[in-house]
Structures are given as structure tokens and as C-alpha cells.
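What follows is a set of notes on a single structure, which appears directly below.
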Amino acid sequence: MANRIRIEDAAKHAGESVEIAGWLYNLRKSGKIVFPIVRDGSGVIQCVAMKNNLPEEVFESLKHLTQESSLIIRGSLRAESRAAGGFELDVEGVNILQRVSEADPYPITPKDHGIEFLMEHRHLWLRSQRQHAILRVRHEIVRAVRDYFDNNGFTLVDTPIFTPAACEGTTTLFEVNYFDDNKAYLSQSGQLYSEATAMAFGKVYCFGPTFRAEKSKTRRHLTEFWMVEPEMAYADLEEIKRVAEEFIVHVVGRVLDKKREELKVLERDTSKLEMVQSPFVRMSYDDAVKNLQANGSTIEWGSDFGGGDETILTKQFDRPMLVDRFPSAIKAFYMAPDPDRPEVALGVDVLAPEGYGEIIGGGQRLHDPELLLKRIAEHNLPKEAFDWYIDLRKYGTVPHGGFGMGIERCVAWICGLEHIRETIAFPRMLYTLRP
RNA sequence: UCCUCAGUAGCUCAACGGCAGAGCAUUCGGCUGUUAACCGAAGGGUUGUAGGUUCGAAUCCUACCUGAGGAGCCA
């Protein structure tokens with residue numbers, strides 16, 4: 001009985017008789033020799049079958065095999081410089097579980113396809129090497145995110161998806177029926193709840209899906225995306241910036257350490273990622289506006305950055321930048337004002353280099369009870385909906401804060417992708433709900 | 001929501017007012033080291049939908065549908 005192996009472990013089994021359970025990725029043939037290229041989810045390997053070394057029916061079945069047919073293939077494994085990947089399997093036998101019908105062949109061929117076609121076949125597109133590499137990098141990023149917080153005293157406390165009202169009031173919410181006559185909304189941030197759990201555990205993070213019903217149609221937006229949100233009691237803006245920076249350095253370093261092969265498949269220029277080291281570029285909003293004006297932007301103090309503005313800023317540096325102290329007027333009600341300059345808020349954004357823009361937004365929260373009530377009134381928010389949130393300022397309020405990082409934007413940046421839609425298995429976008 | 005562009009064979013595209021085409025995929029044939037293999041042959045079409053202009057429309061016009069890119073908003 002042959003030893004079943006995963007293709008990614010091929011190097012450990014050179015010289016052995018093994019079997020691989022997978023699918024036919026491609027087939028090249030030349031008369032009495034065929035090269036079935038097999039994938040098994042962990043990698044791709046070239047196999048070789050010689051007519052003279054195999055029973056007639058085995059050779060013929062391989063020769064006429066169709067793309068993505070499922071099979072278990074057996075043979076001896078050896079190093080082979082002529083094969084991509086460096087290893088090759090000399091076929092001794094095969095068990096074909098299903099031969100894909102030629103009447104309805106696998107739609108995604110090794111040639112070019114348009115994005116519309118690929119998105120309609122997203123469930124199959126995931127089998128291709130590029131998509132496979134992206135999602136493996138995503139997995140490593142998620143692991144690195146969890147490890148960072150788990151190893152630095154944070155407790156994972158996830159927050160609800162069904163929420164009774166807007167967290168921030170500005171962005172559009174997805175509304176759902178919630179029994180009887182009640183309405184619920186899908187969470188657009190766990191932050192307010194994390195402020196409560198931070199007061200219970202000191203340092204917490206939540207990590208889950210987030211929903212924004214914005215009619216945004218750009219390469220940077222999904223309607224459903226994953227966000228990790230740490231929140232820390234007794235933290236000021238400087239501490240939040242320090243953690244955000246250390247966190248990003250950790251995540252990028254981990255991907256470089258563990259996912260070199262995948263980055264190579266994606267043709268990512270890893271020298272750009274090697275530059276992601278402390279210290280990051282630090283700039284106040286004031287200086288960012290001056291910088292932008294000097295570089296041709298029409299931005300004026302008091303406005304948020306336009307799409308091109310982040311690109312202008314980040315293209316100037318080879319590492320991420322932290323921009324802080326935005327005008328309070330353009331930030332959420334819960335942002336703490338700078339005590340020395342109340343017109344600016346103690347918020348910080350982390351902008352990724354190479355034009356990728358904002359991947360983190362966060363800051364210090366308003367912890368003064370009276371000012372919070374004032375801000376809720378100014379923003380015309382229903383006070384009764386925030387009773388529990390106001391309680392956090394009545395019972396031992398402390399300076400605190402945190403940030404949120406969109407996983408998909410981080411994946412797009414680290415993988416060097418043009419569009420965020422490839423960073424999640426089944427993207428949900430404006431007008432894209434299937435497959 | 002607004003602006004721009006595009007829908008032709010299963011896929012990627014050509015034909016731009018005058019006979020509907022190529023490459024890939026599929027099938028058949030050839031090739032014992034291929035690397036998106038190559039060579040030969042075959043099958044494959046209501047040109048997104050509806051209307052209009054014209055002797056004649058894939059091609060020009062109108063509306064709609066679908067998709068892509070961008071703007072605003074955001075992670």
C-alpha cells in the first residue's frame with residue numbers, strides 16, 4: 001500500500017513510492033509519453049507516464065484524461081530538474097474517481113479569461129494557482145494577527161453581528177428583520193462593544209465579519225469584509241500608534257518568513273515588504289495637508305483625504321505611514337479631542353505604501369462622561385441607544401483606545417493585488433452576491 | 001447615485017455599412033522530455049435584449065439589461 005503524501009511535502013519523500021490524491025491540473029502529451037500535472041490542494045506536481053512501462057488501459061486512460069478529473073495516482077517520487085517544482089512522479093498506477101465529461105469540460109482553461117467570467121466561476125477559480133496562493137497568504141496573515149494579540153496579553157472577545165443601531169451613524173447599514181416588529185442591523189464595527197470588554201479585560205480584540213451597505217464601487221471596497229479590532233484600557237494615542245506599528249511589522253514579517261513560495265507565484269516584489277520595519281513615517285494631519293498641497297492636491301484643511309491624496313502621500317515613502325490628529329469635525333463622535341487643540345481628534349490612520357492607502361483606522365476614545373453626552377447630542381444620536389455605552393464613562397472611566405484593520409486590504413497590499421475582490425474566497429460587493 | 005468604456009463560438013479577441021473570422025478549449029490523427037508543449041483535421045454562431053435608420057446592420061441611432069474602470073464614502 002503506497003504512502004499517501006501531500007505535494008508540499010514532496011521533498012521529504014524523494015526516492016519513495018507514494019500516492020497523491022488530487023485533480024488533473026493540466027496534461028501534456030507526446031506520443032508514447034504523457035505528463036499529467038496534478039494538484040492536491042497543497043501544491044502542483046508533474047507526473048510522467050511512459051507507454052512502454054504501463055499496462056495499455058492505464059496509459060490510454062491517462063492520455064485521454066480531462067482537466068480537473070479527480071484521481072489518486074501512484075508512483076515513485078524523485079528529484080527532477082526538468083519539472084517545475086523540482087520533483088516528479090513516475091506513474092505506476094492510477095485510480096480515476098471521476099473523469100470530467102468532454103461534453104461539458106472544465107470552463108477555466110490555462111489561457112486568459114476576463115474578470116466577469118472568472119467571478120461567475122469563483123467557486124472553480126479558487127483552484128487556480130494564483131487564487132490558491134492569495135488565500136494561503138490570507139490564512140498566514142490571519143494566524144499572524146491572532147498570534148500577535150494572543151502573545152501580547154489580549155483576550156479575544158468577539159462582538160455581536162446583530163446590533164440594535166448604528167455604531168457610528170455615518171455609514172449605511174444592512175437592515176434585517178429580528179422577530180416580531182424589531183429591526184436589527186449587521187455590525188459595521190465591534191468597537192463600541194470592545195470598549196466595554198476592554199474595561200472588563202484590559203486588553204481585548206475582536207475579529208469577525210463586518211458589513212457596510214455603502215454603494216461603493218472601487219477596487220478597495222467589499223460590502224462584507226473581515227476586520228480585527230484591538231482595544232486597550234489605559235492606552236493613549238502614542239501607545240495605540242506603537243502597537244499598530246509593531247503589529248504591522250509582525251504580520252508582514254511572518255508572511256515573508258512563511259509564505260515565500262506563494263509570494264513568488266504572485267510575482268510580489270518582496271524587497272518592498274522587507275522595508276516594512278520600524279520606525280514608520282509619522283506625520284500630523286496638518287503636515288499631510290501641507291505636503292499634499294505642495295504636491296498638487298486641491299485639499300484644504302478640514303477635509304478628508306480624497307482617493308488620490310493617499311496615493312500622493314504614500315508614494316513618497318518606502319514604508320507605511322501613520323497620520324494623526326485629524327479635524328474632529330470629520331471624525332466619529334467617540335473620538336477624543338486633543339486637550340491642547342480641541343479642533344483635532346486623537347485619531348490615527350495607517351497608510352500602506354505603494355499606493356495601497358488606509359489599512360488601519362483608530363485612535364484614543366472619548367472618556368470624559370460630560371463631553372460624550374455633548375457629542376451624542378451634537379450628532380443627533382438617540383441617547384437611550386447609548387445608555388450602556390455611557391455607563392462605561394460612569395463606572396471607572398479611563399483613557400483608552402484601539403484600532404481596526406481590514407484584513408482584505410492588508411492581504412491586497414501584502415500580495416500586491418490590483419483589486420480587493422481576490423483577497424476573500426467569495427467576495428460580496430455592490431451587485432455581486434453570487435456564487 | 002454620477003461619469004466613462006465594453007458586451008460577437010465554451011473562453012480571449014478580430015471584422016467597424018456589403019458572404020460571421022482567428023487562437024485556445026473539445027473530438028479525431030501524429031509525435032518518448034513536455035513546460036500556458038507542438039503539428040494536421042473536424043464540429044461549434046438568433047453578434048446582450050427590444051425597437052429604429054438603411055436596398056443591406058455585429059457595425060449607425062434610442063431605450064433597457066449585464067459587466068468593467070473611476071468619483072463620492074470608507075477598513
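Keep in mind that this is a model prediction, so the values were computed, not measured. Values below: every heavy atom of this structure, side chains too, minus hydrogens, waters and symmetry copies. Chain A is the first sequence line, chain B the second, and so forth, proteins listed ahead of strands; every chain is numbered from 1.
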(request) Quickly work out the L430(A) CG to rC73(B) C1' distance and round it to whole Å. (result) 12 Å
(message) Using ring centroids (six-membered ring only for Trp), state whether F247(A) and F403(A) fall under 6.0 Å.
(response) yes
(request) Establish, from distance only, whether the side-chain atoms of D287(A) and N291(A) form a donor-acceptor pair under 3.5 Å. (result) no
(message) Measuring only the P atom in each nucleotide, how far is rA57(B) from rG51(B)? A whole number of Å is fine.
(response) 14 Å
(message) Run E408(A) and F225(A) through side-chain contact (heavy atoms from CB on, under 4.5 Å) and show every step you take.
(response) CA-CA 7 Å; E408(A) 288 78 11; F225(A) 64 96; 3.3 Å; yes
(message) Of the options rC74(B), rU66(B), rG33(B), whose atoms approach the side-chain atoms of M50(A) most closely?
(response) rG33(B)
(message) Applying a 4.0 Å non-hydrogen cut-off, can you work out what I360(A) is touching in the nucleic acid: base, sugar-phosphate, or nothing?
(response) sugar-phosphate
(request) For rC39(B) versus rG23(B), give the span between their P atoms, rounded off to a whole number of Å. (result) 10 Å
(request) Considering only atom C1', compute the distance from rU8(B) to rU46(B) and round it to an integer number of Å. (result) 12 Å
(request) Using the closest heavy atom to pick a nucleotide of RNA chain B for each, name whichever of L27(A) or G114(A) lands nearer the 5' end. (result) G114(A)
(message) Say we look at rG44(B) and rG21(B): how far apart would their C1' atoms be, to the nearest angstrom?
(response) 13 Å
(message) If you assign each of A84(A) and E358(A) to its closest nucleotide in RNA chain B, which residue comes earlier from the 5' end?
(response) A84(A)
(message) Counting only side-chain heavy atoms from C-beta out, which of rG69(B), rC11(B), rG33(B) sits nearest to I33(A)?
(response) rG33(B)
For a quick test of your reading: what N or O donor-acceptor pairs under 3.5 Å do the side chains of residues 22-37 of chain A make, sequence neighbours left out?
residue, atom, partner, partner atom, Å
Y25(A), OH, Q129(A), N, 3.4
R28(A), NH2, Q46(A), OE1, 3.1
K29(A), NZ, K63(A), O, 3.3

(message) Taking only the P atom of each, what is the distance from rA63(B) to rA6(B) in whole angstrom?
(response) 16 Å
(request) Report yes or no: is there a donor-acceptor pair, N or O only, under 3.5 Å between the side chain of H221(A) and the base of rC74(B)? (result) yes
(request) Side chain of H419(A) only, please: which of rG69(B), rU34(B), rC11(B) is the nearest? (result) rG69(B)
(message) Using atom C1' in both nucleotides, what's the gap between rG45(B) and rA14(B) to the nearest angstrom?
(response) 15 Å
(message) Checking contacts here: which listed nucleotide (rC28(B), rG33(B), rA75(B)) is nearest the side-chain heavy atoms of H64(A)?
(response) rC28(B)
(message) Using the P atom as the point on both nucleotides, what is the distance between rA9(B) and rA22(B), in whole Å?
(response) 14 Å
(request) Would you indicate which nucleotide in rG67(B), rG33(B), rC11(B) comes nearest to any side-chain atom of S30(A)? (result) rG33(B)
(message) Regarding K51(A), tell me which of base, sugar-phosphate or nothing describes its non-hydrogen contacts under 4.0 Å with the strands shown.
(response) nothing
(request) Could you tell me the separation between the CD atom of E88(A) and the C1' atom of rG33(B), rounded to a whole number of Å? (result) 8 Å
(request) Name every residue in residues 40-47 of chain A that has at least one heavy atom under 4.0 Å from any atom of RNA chain B, in order of residue number, or write none if there are no such residues. (result) Q46(A)
(message) Expressed as a whole number of angstroms, how long is the span from I330(A):CD1 to rG72(B):C1'?
(response) 14 Å
(message) Heavy atoms from C-beta onward define the side chain here; which of rU34(B), rU1(B), rA75(B) lies closest to that of I420(A)?
(response) rA75(B)
(request) May I ask you to check whether F386(A) and F333(A) place their ring centers less than 6.0 Å from one another? (result) yes
(request) Indicate, with a heavy-atom threshold strictly under 4.0 Å, whether T210(A) touches base, sugar-phosphate, or nothing. (result) nothing
(message) Determine whether Q191(A) and E231(A) satisfy the following criterion, side-chain hydrogen bond (donor to acceptor under 3.5 Å, both in side chains), listing intermediate values before the conclusion.
(response) CA-CA 8 Å; Q191(A) 185 207 311; E231(A) 190 74 22; 5.0 Å; no
(message) Nearest to the R78(A) side chain among rA75(B), rG33(B), rA68(B), which nucleotide is it?
(response) rG33(B)
(request) Identify the nucleotide, in any strand shown, that forms a Watson-Crick or G-U wobble pair with rA68(B), with both distances under 3.5 Å; if there is none, say none. (result) rU4(B)
(request) Under a 3.5 Å limit for both distances, which nucleotide forms a Watson-Crick or G-U wobble pair with rA41(B), could you say? (result) rU27(B)
(request) Compare the minimum distances between each of rC74(B), rG33(B), rG69(B) and the side chain of V48(A), then state the nucleotide with the smallest one. (result) rG33(B)
(message) By the 4.0 Å heavy-atom rule, please label N26(A) as base, sugar-phosphate, or nothing.
(response) sugar-phosphate
(request) Mark yes when over 12 heavy atoms from residues, nucleotides or ligands other than R99(A) sit less than 6.0 Å from its CZ; otherwise mark no. (result) yes
(message) Please report the distance, rounded to the nearest Å, between CD in Q67(A) and C1' in rG10(B).
(response) 12 Å
(request) Take atom CZ of R428(A) and atom C1' of rA75(B), then tell me their distance rounded to the nearest Å. (result) 19 Å
(request) Scan every strand shown for a Watson-Crick or G-U wobble partner of rG33(B), both distances under 3.5 Å, and answer none if you come up empty. (result) none
(request) Look at the rings of F154(A) and Y148(A) and say which category their plane angle falls in: under 30° parallel, 30 to 60° tilted, over 60° perpendicular. (result) tilted
(request) In sequence, state the C-alpha distance, the side-chain angles, and the governing distance for H419(A) and T423(A), and then conclude on side-chain hydrogen bond (donor to acceptor under 3.5 Å, both in side chains). (result) CA-CA 8 Å; H419(A) 200 295; T423(A) 63; over 6 Å; no
(message) Could you tell me the Watson-Crick or G-U partner of rA14(B), where both distances fall under 3.5 Å? Say none if there is no partner.
(response) none
(request) Could you work out which one of rG72(B), rU27(B), rA75(B) sits closest to the side chain of T66(A)? (result) rU27(B)
(message) Exactly one of L322(A), I240(A), V348(A), V350(A) should register a side-chain contact (heavy atoms from CB on, under 4.5 Å) with E245(A). Which one does?
(response) L322(A)
(request) Identify whether any heavy atom of D304(A) sits under 4.0 Å from a base atom; if not, whether one sits that close to sugar-phosphate; answer base, sugar-phosphate or nothing. (result) sugar-phosphate
(message) I'd like to know whether the aromatic ring centres of Y389(A) and Y334(A) sit less than 6.0 Å apart in this structure.
(response) no
(request) May I ask which nucleotide in the shown strands pairs with rA58(B), Watson-Crick or G-U wobble, both distances under 3.5 Å? (result) none
(message) Can you tell me whether the side chain of R220(A) and the base of rC73(B) have a donor-acceptor pair closer than 3.5 Å?
(response) no
(request) Would you tell me if any nitrogen or oxygen in the side chain of K217(A) comes within less than 4.0 Å of OP1 or OP2 on rA68(B)? (result) yes
(message) With the criterion set at under 5.5 Å between ring centres and under 30 degrees between planes, would rA75(B) be stacked on F225(A)?
(response) yes
(request) Quickly work out the I299(A) CD1 to rA71(B) P distance and round it to whole Å. (result) 15 Å
(message) I'd like to know if E68(A) and R39(A) make a salt bridge, using a cut-off of under 4.0 Å between side-chain N and carboxylate O.
(response) yes
(request) Mind listing the residues from residues 117-138 of chain A sitting with a heavy atom below 4.0 Å of RNA chain B? Number order is fine. (result) F117(A)
(message) Would you say CD of E378(A) has more than 12 non-hydrogen atoms from neighbouring residues, nucleotides or ligands within 6.0 angstrom?
(response) yes
(request) Could you work out which one of rG33(B), rA75(B), rU26(B) sits closest to the side chain of P105(A)? (result) rU26(B)
(message) Tell me the interatomic distance from I115(A), atom CD1, to rU12(B), atom P, rounded to whole angstroms.
(response) 11 Å
(request) Rounded to whole angstrom, note down the C1' distance from rG7(B) over to rU59(B). (result) 14 Å
